[in-house]
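Count residues from 1 along the sequence. Whatever order the structure lists ligands and atoms in, that order sets their numbers, starting from 1. Excluded from the calculations below are hydrogen atoms, water molecules and symmetry mates; all remaining heavy atoms, backbone and side chain alike, are included.
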Amino acid sequence: MENRIVDARMEAFINSMDSPNPEELNILEAYAGEHEIPIIRPGTQSLLKTLLAIGKPQRILEIGTAIGFSALLMSHYAPPDCRITTIEKYEKRIPVALENFRKAGKSEQITLLAGDAGELLPTLQETYDFIFMDGAKGQYIHFLPEVLRLLSQGGLLVSDNVLQEGEILESRFAVTRRNRTIHARMREYLYELKHHPDLVTSILPVGDGVTVSVKTTK
Ligand code: SAM
């Protein structure tokens, strides 16, 4: 779908400055394109690399594995001893992601939890210093309390697809009935991130819209 957030020429210019990813990631990205599997866009990839370089996380939690592209990207750009836990509920994608982790030699570093994040998040006990929210957009607001429980002090929460191809700024009446619930929930999510007493958040027009939130140290 056309990106209505950033001017297309500007986006192409910015992306043209990127250094190439490792070949195994290029192969996965092409596979995702061929099979219409949604994965993070180049702008989001670049932002994640920068945030990982700043934050140097030891423990990453991802919600929404798909075929493992972003988990593998993060494994390349996070410290080598960083452990990644990623959650995916779509049964067809789970074996593909596991095979991609195996082929990349990352099965030890990346743990895939198969199931619904709504059920799995409450079972997790350890904290994470970097959480990447990239599951169903309508669920972000519901996952937030558990995500904040699991995010360490000073940790980063990065959420993808928050500007919904630009539709977020439309009035609810201009949004198709089908998208109204997601539209309302995403606005609520953005409001929470910006007004939560424990968070400092920036909403960035990168990719399909990304928020970067820091859990402030009390
Ligand atoms: N992060 C991936 C990447 O960039 O390579 C892309 C993730 S894709 C945008 C979103 C994924 O989240 C889908 O594969 C979908 O099945 C999964 N998902 C959606 N809702 C979920 C939930 N409640 N629990 C677990 N996975 C979920």
Assess the side chains of S152 and T127: does a donor N or O sit below 3.5 Å from an acceptor N or O?
no

How far is atom 13 (C) of ligand 1 from its nearest protein heavy atom, and which residue and atom is that?
R93 NH1, 3.3 Å

Strictly distance-based, threshold 3.5 Å: is any side-chain N or O of T211 a donor or acceptor partner for the main-chain N or O of S202?
no

Tell me the contacting part of F143 for ligand 1: side chain, backbone, both, or neither, using a 4.0 Å heavy-atom threshold, strictly below.
side chain

Any donor and acceptor pair, going by atom type alone, linking the side chain of D129 with main-chain N or O of R59 inside 3.5 Å?
yes

With a heavy-atom distance limit of 4.0 Å, tell me whether I67 approaches ligand 1 through its side chain, its backbone, both, or neither.
neither

Whether the Y189 and S159 side chains hold a donor-acceptor pair (N or O, under 3.5 Å, no angle test) is what I'd like checked.
yes

Which ligand 1 atoms are under 4.0 Å away from a heavy-atom of G115?
24 (N), 25 (C)

Closest protein heavy atom to atom 23 (N) of ligand 1, given as residue, atom name and distance to 0.1 Å
D116 OD1, 3.1 Å

Quick one: does T65 get a heavy atom under 4.0 Å from ligand 1?
yes

Could you verify whether a donor N or O on one side chain and an acceptor N or O on the other, from E29 and N21, lie under 3.5 Å apart?
no

What is the closest protein heavy atom to atom 24 (N) of ligand 1, and at what distance does it sit?
A117 N, 2.8 Å

D134 side-chain N/O to D160 backbone N/O, donor-acceptor pair under 3.5 Å:
no

With a 4.5 Å heavy-atom cut-off, do L151 and D198 have their side chains touching?
no

H195 (side chain) donor-acceptor with Y191 (main chain) under 3.5 angstrom
yes

Does any N or O of ligand 1 fall below 3.5 Å from an N or O anywhere on Q139, backbone included?
no

Closer than 4.0 Å to some heavy atom of I40 - which atoms of ligand 1 meet that?
3 (C), 4 (O)

What residue and atom, counting heavy atoms only, is the protein's closest point to atom 10 (C) of ligand 1, and at what distance?
D134 O, 3.1 Å

Checking side chain to side chain contact (heavy atoms under 4.5 Å, CB included) between Q45 and each of I40, T50, V206, which is the one that passes?
I40

When you measure from the side chain of R185 to the backbone N and O of H142, does any donor-acceptor pair fall under 3.5 Å?
no

Would you name the heavy atoms of L163 and L204 that are closest together and state the gap between them?
CD1-O, 4.1 Å

Numbering the atoms of ligand 1 from 1, which are under 4.0 Å from a heavy atom of I39?
3 (C), 4 (O), 5 (O)

Give me the residue, atom name and distance of the protein heavy atom closest to atom 19 (C) of ligand 1.
A136 N, 3.3 Å

Ligand 1 N/O within reach of G64 N/O, cut-off under 3.5 Å:
yes

Determine, considering heavy atoms only, which of A32, A97, S70 sits nearest to atom 2 (C) of ligand 1.
S70

Per-atom filter on ligand 1: closer than 4.0 angstrom to a heavy atom of F69 are 5 (O)

Is it the case that ligand 1 has an N or O less than 3.5 angstrom from some N or O of G135?
no

Would the distance check show the side chain of S46 and the main-chain N or O of G43 forming a donor-acceptor pair, the cut-off being under 3.5 Å?
no

Quick one: which of Q45, K89, E88, M133 has a heavy atom closest to atom 16 (O) of ligand 1?
E88

Checking a contact table here: which protein heavy atom is nearest atom 8 (S) of ligand 1, and how many Å away?
P38 O, 3.5 Å

Atoms of ligand 1 under 4.0 Å from any heavy atom of Y90, numbered from 1 in the order shown, are 16 (O)

